[in-house]
Structure formats: structure tokens, C-alpha cells
Amino acid sequence: MSVPVGAPLPTPLPSTSELLKKTVQLIVLICFLCRWKNWWIRGILTLAMISLFFLIIYLGSFMLMLLVLSIQVKCFHEIITIGYRVYHSYELPWFRTLSWYFLLCVNYFFYGETVADYFATFVQRREQLQFLIRYHRFISFTLYLTGFCMFVLSLVKRHYRLQFYMFAWTHVTLLITVTQSHLVIQNLFEGMIWFLVPISSVICNDITAYIFGFFFGRTPLIKLSPKKTWEGFIGGFFSTVAFGFIFAYLLAQYEYFVCPVEYNSETNRFVTECAPSELFQIQNYSVPPFLQDVLGRETVNMYPFQMHSIALSTFASLIGPFGGFFASGFKRAFKIKDFADTIPGHGGIMDRFDCQYLMATFVHVYITSFIRGPNPSKLLQQLLVLQPEQQLNVYKTLKSHLTEKGILQPPLRG
């Protein structure tokens, strides 16, 4: 077809290769924008969660305990839901009811133990609570036995194997979530610093390992997590140890963080007031000879707790990640990306706390093995619960013992 003189030439149609190239560029641009959008969402929610966490710390120990309980319940829900979907447990009678019933029973047992240990003077003033505490373990066993019998009665012939799968699934989930969250609360009663330093060390290791791996990562670390690298693992270790050492120094200066959490029966409140133990008092240490030239000094002043923070940070950076690897293996086994979609860009609550539970267990074992000694306050609370005759016998025995050691003067005989 001829084109009139002076008329504009028609635009030629792009070739197939050009169309394909532009399509690829558009897809790359969309992916880039989506990735940045995801990062913005993750960043904003991270700042929001950190701000909320600081607010809860400010509100005190009781709010932290409620936070731990809330996280425990949500983690339990996420894991149970996975089992419910993976095993297609839609027709199992009473499965969800029994799962939540067992959660209630186990929490009743552990929190009852905590009340008996730390709130003895409060319990002593209320007769109804005295009965519950005195027979607490029998009541707990009875409640669990009721659930066990309900499970046996719910067995259906065509679902035997699946029902026992889910029974085991529920109990392992209770072991992972409830038992470990109870240890978190036990650590918190020793002082908020035993709660904050371990948790912050795990978070620091997670962030710094990612940064070092992103910029310097070349060598894969483990097949369960292909994105993890040795460079990130090693960089995260040194960064976490340094962070834990500095963070421990900052917190050790304040009674609010170092004093054990105790219940004041007069004000009906948790209090964190005490004379800090030697663990949180500045001491003078000799610097090893090979570091004296580097630091330019022979001695250094620091808190003894900072030495313990090195052990906590080392565990958080070397062993703590294995909690994440375990969770990754679990998710791969059931072909899921995240435990849930509770937090946009972050996955479920369990995705954020997979390393924290392992860390909590270590901290509890560490405290009971190397830190905790006899607790006079706790012993006094137990003595106040005794009958008057028993208290008198304890008094006579203690008086005789102190007299023999020469601490008390023997009574004068007329």
C-alpha cells in the first residue's frame, strides 16, 4: 500500500524479542517494588513491635508475664493448627477441645507451682487458696486424668492411628511451648536482666548474622537453611558477644533490672527493690597480659554479670540458631513456608520465637547451676506457712545451731 507524500510513516510493530525483553523488565520492576514494599512492611512492624516491647517493660514484670503467656498460647495455636491441617483432622471427635483442655491443665499446674513458690504470704491470708495450693498437684493430676479418659472414650475405630498421632502432637507441642515459657517466667523472677539480655542477644544475633551473610556470605552453612552462611554465622557470633557485654553493662546499673521480682503482700504489687548482689557491683579485674598492650591498661572495672553475659551471648549465637534450624526442618517436613501469617512480612509468632525457647531453657539451667543460691526471702515465706508448733521447732533448732557456732551468746544461767 502506498503512503501519501507528507503523511507520517506508521510505527512499526515491535519484534517478539523486544516484547519479551520489555515484559521481563516489567516483571523485574514489579518484583523489585514488591520486595521493597515487603521490606517497608517488615520494617514498620518491627519498629512497632520493639516500641510495644519497651512499653511493656516500662509497665513492669506482671505485664511481661502476661506477654509471655499470650505468646505461649499463640505459639500453641499455630503448631496445633498445622497438625490439624496436615493430618486432615477435621473428623476427629473432640480433637481441638481436648488440645485446649490439656493446655489449660498444664498451665494450671505450672502457674500453681509458681503461686506456691512466690506468693506464699498472699496465699496464707486466704483460706480458699490454701486448699488449692495444699492439694495443687493432686488437683492437677485429676484434671489431666480427666482429659486422658476423655481421649480414650473419643477413640473411633477408623481413626485410631490418626488420633494417637494427634495425641502425641499435642503433648510435644505442650512440651515445646508451655514448659519453656514457664522457664522464661522463672528467669524473670530472678531479675529482669536475666530476661532481657538473653532475648536481646538472640535478636541481635539474628539481625547481625543476616547483615554479615548479606554482604559477605559465600559459604553455605547448613542445607536446612540455604541462605545461612558461615560468614554470617561467625560475624553474628562476634557481634552478639560484643552487644551482650555492652548491654549487660548498661542494665546492671539499675535496680529495676537487676533486683529479683518479689510480691509485696502489703501493697499487693510486684516490686523490684533490693540491695544489688555482688554480681551487679563494680569489681576490679586484671587484664590478661596479651590484651594489656591493646587496651593500654593492666586493670579494668566491670560488673561480674558481664562475664556471665559472654556465656549467654555465646550460647545465643552458636547454639541458639539450631532452634531456628529445627523450625526450618519442621516446616520443610510439612511443606509450609511459615507457621502462620499472624505478622505481615514476618510469618507467625512461632517464626519469631523459635530460638527463644531454647535460649530460655539454657538460661534457667545456667542460673540453677552457677548463680542461684539459697533464697532467704523464699525460705521465710515457706516458714510463715508452717503451723506455730513447727515454726517454734525451727526457731529452737536455728537458735541452738547459731549458739554452737558462737554467733549467739549462750543464755545466762541463774
Side-chain angles (χ1 to χ4, degrees), residues 50 53-54 56-58 60-61 64-65 67-68 117-118 180 182-208 236-262 270-288 291-292 294-295 297-320 355-378:
I50 292 174
F53 186 58
F54 282 141
I56 293 174
I57 292 172
Y58 173 77
S61 304
L64 280 173
M65 293 177 195
L67 175 65
V68 172
D117 285 342
Y118 294 97
Q180 316 246 10
H182 173 70
L183 297 182
V184 173
I185 292 177
Q186 292 289 312
N187 299 340
L188 185 57
F189 272 108
E190 296 297 325
M192 206 177 293
I193 196 168
W194 291 103
F195 175 82
L196 295 176
V197 170
I199 284 181
S200 302
S201 296
V202 171
I203 295 173
C204 173
N205 181 72
D206 192 31
I207 295 172
T208 55
F237 165 70
F238 287 106
S239 302
T240 303
V241 171
F243 167 82
F245 192 81
I246 297 171
F247 191 52
Y249 174 80
L250 296 175
L251 294 186
Q253 302 177 47
Y254 302 96
E255 289 185 10
Y256 184 73
F257 296 115
V258 304
C259 290
V261 178
E262 296 181 350
F270 289 101
V271 295
T272 51
E273 298 174 356
C274 68
S277 65
E278 293 184 0
L279 203 61
F280 304 106
Q281 296 179 12
I282 287 287
Q283 306 287 341
N284 187 268
Y285 291 92
S286 298
V287 177
L291 289 177
Q292 290 181 5
V294 177
L295 298 178
R297 55 197 309 177
E298 297 181 355
T299 61
V300 63
N301 294 327
M302 56 184 289
Y303 294 99
F305 178 77
Q306 289 179 268
M307 302 300 293
H308 295 289
S309 74
I310 296 176
L312 300 179
S313 300
T314 299
F315 184 91
S317 54
L318 297 184
I319 308 299
C355 300
Q356 297 289 0
Y357 283 125
L358 190 62
M359 187 71 197
T361 305
F362 171 74
V363 174
H364 182 76
V365 172
Y366 188 88
I367 291 174
T368 54
S369 300
F370 304 110
I371 304 299
R372 182 186 294 162
N375 189 334
S377 177
K378 189 173 179 180

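Predicted, not measured: the structure shown is a model, and the values here were computed from it.
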Got a second to check how far [X]'s [atom1] is from [Y]'s [atom2], nearest 0.5 Å?
{"X": "F245", "Y": "M307", "atom1": "CZ", "atom2": "CE", "answer": "7.0 Å"}
{"X": "Q356", "Y": "I199", "atom1": "CD", "atom2": "CD1", "answer": "5.0 Å"}
{"X": "S313", "Y": "L318", "atom1": "OG", "atom2": "CG", "answer": "10.0 Å"}
{"X": "L250", "Y": "Q306", "atom1": "CG", "atom2": "CD", "answer": "9.0 Å"}

Non-hydrogen atoms of I193 and P198 that approach each other most closely: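 Looks like O-CD, 3.8 Å.
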State, to 0.1 Å, how close G320 and C355 come at their nearest heavy-atom pair, and which atoms those are.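 Answer, listing the atom of G320 first, then C355: O-SG, 3.3 Å.
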Qualifying residues under side-chain hydrogen bond (donor to acceptor under 3.5 Å, both in side chains), relative to S317, sequence neighbours excluded: none
Applying side chain to side chain contact (heavy atoms under 4.5 Å, CB included), can you list everything that pairs with [X], at least two apart in sequence or on another chain?
{"X": "F243", "result": "S200, C204, F247"}
{"X": "V300", "result": "Y285, V287, M302"}
{"X": "F238", "result": "I234"}
{"X": "L64", "result": "F53, I56, I57, L67, L188, M192, F195"}

Any donor-acceptor pair under 3.5 Å linking the side chain of [X] with the backbone of [Y]?
{"X": "N187", "Y": "A360", "result": "yes"}
{"X": "Q253", "Y": "Y249", "result": "yes"}
{"X": "Q281", "Y": "P276", "result": "yes"}

Which pairs count as side-chain hydrogen bond (donor to acceptor under 3.5 Å, both in side chains) when at least one residue sits in residues 237-248, sequence neighbours excluded? N205-T240
Residue pairs meeting side-chain hydrogen bond (donor to acceptor under 3.5 Å, both in side chains), one or both in residues 358-371, sequence neighbours left out, come to Q180-T361, H308-Y366
Are T272 and S61 side-chain neighbours, meaning at least one heavy-atom pair lies under 4.5 Å?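 Yes, at least one pair of side-chain atoms sits under 4.5 Å.
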Begin from the C-alpha positions of V258 and Y254 and carry the test side-chain contact (heavy atoms from CB on, under 4.5 Å) through to its verdict. CA-CA 7 Å; V258 304; Y254 302 96; over 6 Å; no
With sequence neighbours left out, write down each residue that passes ring pair (Phe, Tyr, Trp, His ring centres under 6.0 Å) with F305, or none if nothing qualifies.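 F305 satisfies ring pair (Phe, Tyr, Trp, His ring centres under 6.0 Å) with W194, F280 once adjacent residues are dropped.
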I'd like to check the disulfide bond (SG atoms under 2.5 Å apart) partners of C259; sequence neighbours left out, ordered by chain and number.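 So C259 forms a disulfide bond (SG atoms under 2.5 Å apart) with C274.
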Evaluate the side-chain contact (heavy atoms from CB on, under 4.5 Å) criterion for residues F237 and T314: first the C-alpha distance (whole Å), next the side-chain angles of each, then the deciding distance (0.1 Å), finally the verdict. CA-CA 7 Å; F237 165 70; T314 299; 4.0 Å; yes
